[in-house]
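These notes are about the structure you will find just below.
Numbers restart at 1 for each chain; the letters A, B, ... are given by sequence-line order, proteins then strands. Note that this is a predicted model, so its numbers are computed, not measured.
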Number of protein chains: 2
Amino acid sequence: MAIQVSTLARHPGVRTEEQISQLKHQWSVYQRENSLKTTAQRELIVDVFLRGSSADTHVSIDELLALVRARNARVGYATVYRTVKHLLDAGLAASRQFGDGQTRYEVAGSESRHHDHLICQKCRLILEFEEPEIERLQDTVATRLGGFKVMQHKLELYGLCPKEQGVSGGQCPGDDAQKPEPRVARR
Amino acid sequence: MAIQVSTLARHPGVRTEEQISQLKHQWSVYQRENSLKTTAQRELIVDVFLRGSSADTHVSIDELLALVRARNARVGYATVYRTVKHLLDAGLAASRQFGDGQTRYEVAGSESRHHDHLICQKCRLILEFEEPEIERLQDTVATRLGGFKVMQHKLELYGLCPKEQGVSGGQCPGDDAQKPEPRVARR
DNA sequence: CTAGATGCAAAAGTTTTGCAAAGCC
DNA sequence: GGCTTTGCAAAACTTTTGCATCTAG
């Protein structure tokens, strides 16, 4: 019996045009409020990030830069870092650390419902899921803590995906681990 | 009405001698299994880590080294990193990233019950709490995911501690942020 | 004696910053 | 024109590694 993984992940990367333009509107509001100028690089980075193809949910800065450079080679690291910082500030991006040493970013914003993550400890596959119950849990704890005001949470489940269970040397979606290329520009 | 924070934190640092020796036993088993030699430095690091005073739950490598050097100045970074790696491997330490850029470590092991964290976004105070409900939640998701085997979870709640709420420029336990000293030895 | 451990310094990897040049408004 | 942004390189910071030396077993 095949296990339907795809129904669990929130159709990553399948963002409708409508959602994209909603997110872009949120971005332009932020731009105006902070008197940010509109530059080709920044717009490109934002566009690439918000559209994120299904393979590129949870991008690292490196990956994002690579995607951006595919469309415009003359973009520097610093610009990506600075732009992502703006996206975080605008609430359009959220950062996550899954323990692989890199900070990863995913699309947030009013359009996206909150979700949590399940990470395969063997193959590093990352799945998303929604669990409304946890909001209730959060409130329970908040109440017990009395004075605390809980703003957000991060829940990560770590375990083994179907392909890894029992298989000692089995392969896995993320297992064909081509050593990450040395970063695009290193000194 | 004062809020009883202390009852929520699992009495951090108040580990009984019995617990300590239980942990040390676990360590010595690991040592034997992996033919690790007993050296003064390593024993010291392990001791300092496992005893961790109430202020020193969730230590960073830097903090741990500082504590260790207070007792023996001739210990290097590398040794601390290598020893902590052993502790992780032995299941006596667990690593956490709370978004302040440093990896932090806390005591794990059979003695300690699982717990989760609440982090004040303003003052970086870290509290621990237990919430049995979440194990059930974990199972719910595992069931829904069908083929997944969930091994562990991390739940982090981010919010504002009592002292920070409503106070725009208010101070906070962790707010007297003396800029972190430049690391102990830098080139 | 020998395998493992240490300390140092260098290297590696990620993120930030200073600055001159270029671009937006 | 003035203020923001960019790209580059250098700096800052965390973690790992190579190696000569030392030490527990």
Under 4.0 Å protein heavy-atom contacts per nucleotide of nucleotides 16-22 of chain D, with B for base, S for backbone only and - for none | BBB----
Sugar-phosphate means primed atoms, P, OP1 and OP2; the rest is base. With that split, encode nucleotides 20-25 of chain C 5' to 3' as B, S or - using protein heavy atoms under 4.0 Å.
-> ---BBS
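At the heavy-atom level, A:T103 lies under 4.0 Å from the strands shown only through sugar-phosphate atoms.
Qualifying side chain to side chain donor-acceptor pair (under 3.5 Å) partners for B:E131, counting only residues two or more places apart in sequence or in other chains: A:R144. In this structure, the side-chain contact (heavy atoms from CB on, under 4.5 Å) partners of B:S28, at least two apart in sequence or on a different chain, are B:H25, B:Q31, B:R32. For B:E135, there are no side chain to side chain donor-acceptor pair (under 3.5 Å) partners at least two apart in sequence or on another chain. Not a single side chain to side chain donor-acceptor pair (under 3.5 Å) links B:S35 to another residue, sequence neighbours left out. Under the side-chain contact (heavy atoms from CB on, under 4.5 Å) criterion, A:S60 pairs with A:D62, A:E63, A:Q102, A:R104, sequence neighbours left out.
Across C:dG7, D:dT6, C:dT6, the shortest atom-to-atom separation from the side chain of A:Q41 is found for D:dT6.
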For a quick test of your reading: what N or O donor-acceptor pairs under 3.5 Å do the side chains of residues 82-91 of chain B make, sequence neighbours left out?
| unit_1 | atom_1 | unit_2 | atom_2 | d |
| --- | --- | --- | --- | --- |
| B:T83 | OG1 | B:T79 | O | 2.7 |
| B:H86 | ND1 | B:Y30 | OH | 3.2 |
| B:D89 | OD2 | B:Y30 | OH | 2.6 |

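Atom-to-atom, CG of B:L44 to P of C:dA5 comes out at 16 Å; the value is rounded to the nearest Å. Between B:Q102 atom CD and D:dT15 atom P the separation is 7 Å, expressed in whole Å.
Within the structure, every pair that satisfies the salt bridge (Lys or Arg N to Asp or Glu O under 4.0 Å) test and touches residues 35-49 of chain B, not counting sequence neighbours, is listed here: B:K24-B:D47, B:D47-B:R51, B:D47-B:R71.
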